[in-house]
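Structure record follows, encoded as structure tokens.
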Amino acid sequence: MKVHVHRAFRLSPERERDLLQAITRHVDCGGQCRSAGPRQARTLIGMSLAVDGWASNVSVLGSNLTISFMREGTAICLQLGNVARTYADMLKLQSLFAAGRIVDAVLVVPAALLSRDLGSNHASFDRTEREIGLFDKVITVPILLVGIDD
């Protein structure tokens, strides 16, 4: 997998560069999502992040809700599934930010063509980008949105 497209919301150019560099290294370990499937890609990316010291399945404010990964004030949500889960991810990230648990976040979703190939109603970069912009008064956590493709 490769980072296909990205957009920063409320991040400095330096932080955008640092986060993009960090996430690119791990996404590259994700294999071929179209042939192996989203679960396999998620597992491979997760293994790469774990080796680099990222905690996985981090509880959100003591609840049963979790985010994919977290390290040193940065959260990563890897959403290769249903588009409805991206809204939950944005709310979880915002809650962690409002509580002072994170300072920024990375939200990884399929780029448009990969999303279409995975099936109907999967998360996609274009839709998530529009909706983060639409909710910019509510979702204030600095986010690097990353669209990935094979």
Side-chain angles (χ1 to χ4, degrees), residues 1-30 33 38-39 41-43 45-116 118-149:
M1 303 206 66
K2 300 282 183 212
V3 170
H4 179 73
V5 64
H6 74 280
R7 176 161 177 216
F9 296 86
R10 295 185 170 90
L11 288 169
S12 71
E14 297 80 22
R15 187 63 180 151
E16 176 184 357
R17 182 191 67 238
D18 292 346
L19 289 174
L20 184 60
Q21 183 180 16
I23 198 66
T24 297
R25 181 176 63 239
H26 300 294
V27 166
D28 286 349
C29 297
C33 192
R39 281 197 177 117
R42 183 181 175 84
T43 298
I45 293 168
M47 288 171 31
S48 177
L49 285 161
V51 167
D52 204 20
W54 290 82
S56 63
N57 296 316
V58 178
S59 175
V60 176
L61 308 177
S63 72
N64 290 335
L65 299 173
T66 62
I67 58 165
S68 304
F69 307 97
M70 192 164 102
R71 185 181 82 179
E72 299 172 0
T74 298
I76 297 175
C77 285
L78 179 59
Q79 189 51 255
L80 302 177
N82 190 288
V83 68
R85 299 307 310 158
T86 59
Y87 299 110
D89 287 340
M90 286 188 270
L91 289 172
K92 291 184 281 187
L93 294 171
Q94 181 61 37
S95 293
L96 289 169
F97 179 69
R101 295 259 331 267
I102 63 171
V103 295
D104 54 26
V106 179
L107 179 55
V108 180
V109 297
L113 292 177
L114 177 58
S115 175
R116 185 198 69 208
L118 291 175
S120 64
N121 219 26
H122 272 70
S124 74
F125 179 87
D126 297 338
R127 183 171 177 177
T128 305
E129 179 183 33
R130 275 192 317 273
E131 292 172 0
I132 289 176
L134 179 65
F135 298 121
D136 70 338
K137 302 252 188 291
V138 177
I139 306 297
T140 60
V141 58
I143 295 177
L144 178 64
L145 177 62
V146 175
I148 58 176
D149 204 339

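Considering only heavy atoms from C-beta on, Ile67 comes within 4.5 Å of Leu96 through its side chain. Proximity of Val106 to Cys77: side-chain heavy atoms (C-beta onward) are nowhere separated by under 4.5 Å. At least one side-chain heavy atom of Leu20 sits less than 4.5 Å from a side-chain heavy atom of Leu144. Counting heavy atoms from C-beta on, the side chains of Val109 and Arg127 never come closer than 4.5 Å. Using a 4.5 Å heavy-atom cutoff, the side chains of Leu145 and Thr128 are in contact. Using a 4.5 Å heavy-atom threshold, the side chains of Val58 and Phe69 count as separate. Inter-residue side-chain proximity for Met90 and Ile132 is flagged as met; some heavy-atom pair is nearer than 4.5 Å. With a 4.5 Å cut-off on side-chain heavy atoms, Asp52 and His26 count as touching.
The environment of Arg25 atom CZ is dense: over 12 non-hydrogen atoms of other residues, nucleotides or ligands sit within 6.0 angstrom.
Between Leu19 and Leu11, the shortest heavy-atom contact is CD1-CD1, 3.9 Å. Contact detail for Ile102 and Leu93: the closest heavy-atom pair is CD1-O, 3.5 Å. Between Leu80 and His122, the closest heavy-atom pair is O-CD2, 3.1 Å. For Phe125 against Val146, the heavy-atom pair with the smallest separation is CD1-C, 4.0 Å. In plain terms, the two heavy atoms of Asp89 and Gln79 that are nearest each other are OD2-NE2, 3.1 Å. Counting all heavy atoms, side chain and backbone alike, Pro142 lies closest to Phe97 at CD-CE1, 3.5 Å.
For Glu16 and His6, the side-chain atoms include at least one donor-acceptor pair closer than 3.5 Å. Thr74 and Arg15 form a side-chain donor-acceptor contact under 3.5 Å, judged by distance and modelled atom types alone.
Atom NZ of residue Lys92 and atom OG of residue Ser68 lie 7.0 Å apart, to the nearest 0.5 angstrom.
Thr24 places no side-chain N or O within 3.5 Å of a backbone atom of Gln21 that could act as its donor or acceptor partner.
Using a cutoff of 4.0 Å between basic side-chain nitrogens and carboxylate oxygens, Asp149 and Lys2 are not scored as salt-bridged.
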